[in-house]
Engineer: 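For reference, the structure I am asking about is given below.
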Amino acid sequence: MFKTIADPADCEVRSVIRFLNPKKVKPAEIHRQLVDIYGENVMTDGRVRKWVRQFNDGRTSVHDEARSWRPSVVNGGLVAKVNEKIREKRRFTVSMLFDEFPQISKTVLHEIVTNRLNYLKLCSRWVLKMLTVSNEVTWQWFEISHPMQ
């Protein structure tokens with residue numbers, strides 16, 4: 001038995017398919033050889049057949065094509081607009097933001113707020129998370145007034 005190679009790059013596996021296809025190796029045999037070398041979870045038999053068809057139809061690249069069909073809705077201008085809305089009213093929910101930005105999913109809005117803008121929820125207000133700068137932990141403190149005052 002051969003030693004398996006863990007976590008191969010997709011283009012590496014496709015290169016093997018591209019190499020074996022002109023040698024008239026059948027897709028099922030290509031799949032068997034891939035599983036022998038890369039393990040059970042490398043690629044399904046159906047996916048191997050799809051790549052063999054594409055190479056037979058003239059495809060030469062083993063790399064993913066650009067996905068222009070799914071444009072990114074998250075850009076700097078949008079992140080700035082979301083940040084502006086947050087600063088207008090700290091007491092907001094992602095659902096309230098969704099009402100302001102219906103073109104963006106709630107999941108993407110949550111990702112913008114927590115990962116891009118670095119906010120976390122504290123006492124029902126959004127504040128900046130802890131910052132790590134060159135192995136030094138610094139905190140940014142905000143005074144938060146109680147809503148009943």
Side-chain angles (χ1 to χ4, degrees), residues 1-140:
M1 188 72 189
F2 305 106
K3 180 179 177 184
T4 61
I5 300 171
D7 297 325
D10 291 340
C11 61
E12 178 182 351
V13 176
R14 294 172 194 156
S15 295
V16 172
I17 296 169
R18 186 171 178 222
F19 175 78
L20 293 174
N21 186 43
K23 292 183 163 202
K24 303 296 182 197
V25 178
K26 296 192 183 295
E29 177 60 21
I30 294 174
H31 180 258
R32 189 194 62 72
Q33 289 183 30
L34 289 172
V35 168
D36 284 347
I37 298 298
Y38 297 111
E40 287 292 324
N41 297 324
V42 63
M43 185 182 283
T44 64
D45 184 54
R47 184 68 60 176
V48 171
R49 291 176 192 282
K50 175 188 170 243
W51 279 100
V52 166
R53 265 193 317 273
Q54 286 187 11
F55 290 132
N56 287 339
D57 290 342
R59 181 175 179 145
T60 58
S61 174
V62 295
H63 300 287
D64 288 326
E65 294 174 351
R67 297 181 182 186
S68 61
W69 53 269
R70 186 174 181 228
S72 174
V73 295
V74 181
N75 57 38
L78 181 63
V79 172
K81 288 178 185 176
V82 170
N83 194 31
E84 185 179 311
K85 283 292 177 188
I86 292 170
R87 291 184 180 273
E88 283 176 15
K89 183 177 181 183
R90 292 279 179 157
R91 287 182 170 264
F92 72 92
T93 63
V94 173
S95 295
M96 291 166 65
L97 274 179
F98 182 69
D99 293 339
E100 297 287 331
F101 302 97
Q103 73 274 18
I104 308 168
S105 72
K106 289 181 182 179
T107 305
V108 172
L109 279 170
H110 187 269
E111 188 269 333
I112 290 171
V113 170
T114 57
N115 296 340
R116 300 262 181 137
L117 294 174
N118 222 19
Y119 284 104
L120 64 86
K121 197 76 156 176
L122 179 67
C123 297
S124 75
R125 299 238 178 163
W126 289 91
V127 296
L128 284 173
K129 291 181 188 175
M130 173 184 65
L131 301 174
T132 304
V133 181
S134 68
N135 295 332
E136 239 180 74
V137 176
T138 59
W139 291 89
Q140 292 185 353

Engineer: Is any side-chain N of the basic residue among Arg47 and Asp10 closer than 4.0 Å to the acidic one's carboxylate O?
Structural biologist: no
Engineer: If you measure from CG on Leu34 to CD on Glu29, what distance do you get to the nearest 0.5 Å?
Structural biologist: 10.0 Å
Engineer: Go through Asp64 and Arg14 one step at a time and tell me if the side chain to side chain contact (heavy atoms under 4.5 Å, CB included) criterion holds.
Structural biologist: CA-CA 10 Å; Asp64 288 326; Arg14 294 172 194 156; 2.9 Å; yes
Engineer: Roughly how far, to the nearest 0.5 Å, is the OG atom of Ser15 from the NE2 atom of His63?
Structural biologist: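 So the NE2 of His63 and the OG of Ser15 are separated by 6.5 Å.
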Engineer: Drop me the distance from Gln103's CD to Glu100's CD, to the nearest 0.5 angstrom.
Structural biologist: 10.5 Å
Engineer: Identify every side-chain donor-acceptor pair in residues 16-27 under 3.5 Å, counting partners at least two apart or on other chains, and give the distances.
Structural biologist:
unit_1, atom_1, unit_2, atom_2, d
Arg18, NE, Thr60, O, 3.4
Arg18, NH1, Thr60, O, 3.1
Asn21, ND2, Asn56, OD1, 2.8

Engineer: Say you draw a straight line from CD1 of Ile104 to CG of Leu78; how long is it, rounded to the nearest 0.5 Å?
Structural biologist: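 So the CD1 of Ile104 and the CG of Leu78 are separated by 3.5 Å.
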Engineer: Does Asn41 have more than 12 heavy atoms from other residues, nucleotides or ligands lying within 6.0 Å of its CG?
Structural biologist: no
Engineer: Can you confirm whether Arg49 sits close enough to Val52 that some side-chain heavy atom of one is under 4.5 Å from a side-chain heavy atom of the other?
Structural biologist: no
Engineer: Identify the two heavy atoms, one from Arg32 and one from Asp36, that lie closest to each other, and give their separation to 0.1 Å.
Structural biologist: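 Residues Arg32 and Asp36, closest heavy atoms: NH1-OD2, 2.6 Å.
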Engineer: Can you pull out every ring-ring contact (aromatic ring centres under 6.0 Å, His included) where at least one residue sits in residues 21-59? Sequence neighbours excluded, please.
Structural biologist: Trp51-Phe55
Engineer: Would you name the heavy atoms of Asp45 and Ala28 that are closest together and state the gap between them?
Structural biologist: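 It is OD1-CA, 3.8 Å.
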Engineer: Would a 4.5 Å heavy-atom cut-off, applied to side chains only, mark Asn83 and Tyr119 as touching?
Structural biologist: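 Yes, close enough: below the 4.5 Å cut-off.
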Engineer: If you take all heavy atoms of Val82 and Leu117, which pair is closest and at what distance?
Structural biologist: CG1-CD1, 4.0 Å
Engineer: Please enumerate all residues that pass side chain to side chain contact (heavy atoms under 4.5 Å, CB included) together with Glu88, with sequence neighbours excluded.
Structural biologist: Glu84, Lys85
Engineer: Roughly how far, to the nearest 0.5 Å, is OG1 of Thr107 from CD1 of Ile112?
Structural biologist: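 Answer rounded to 0.5 Å: 11.0 Å.
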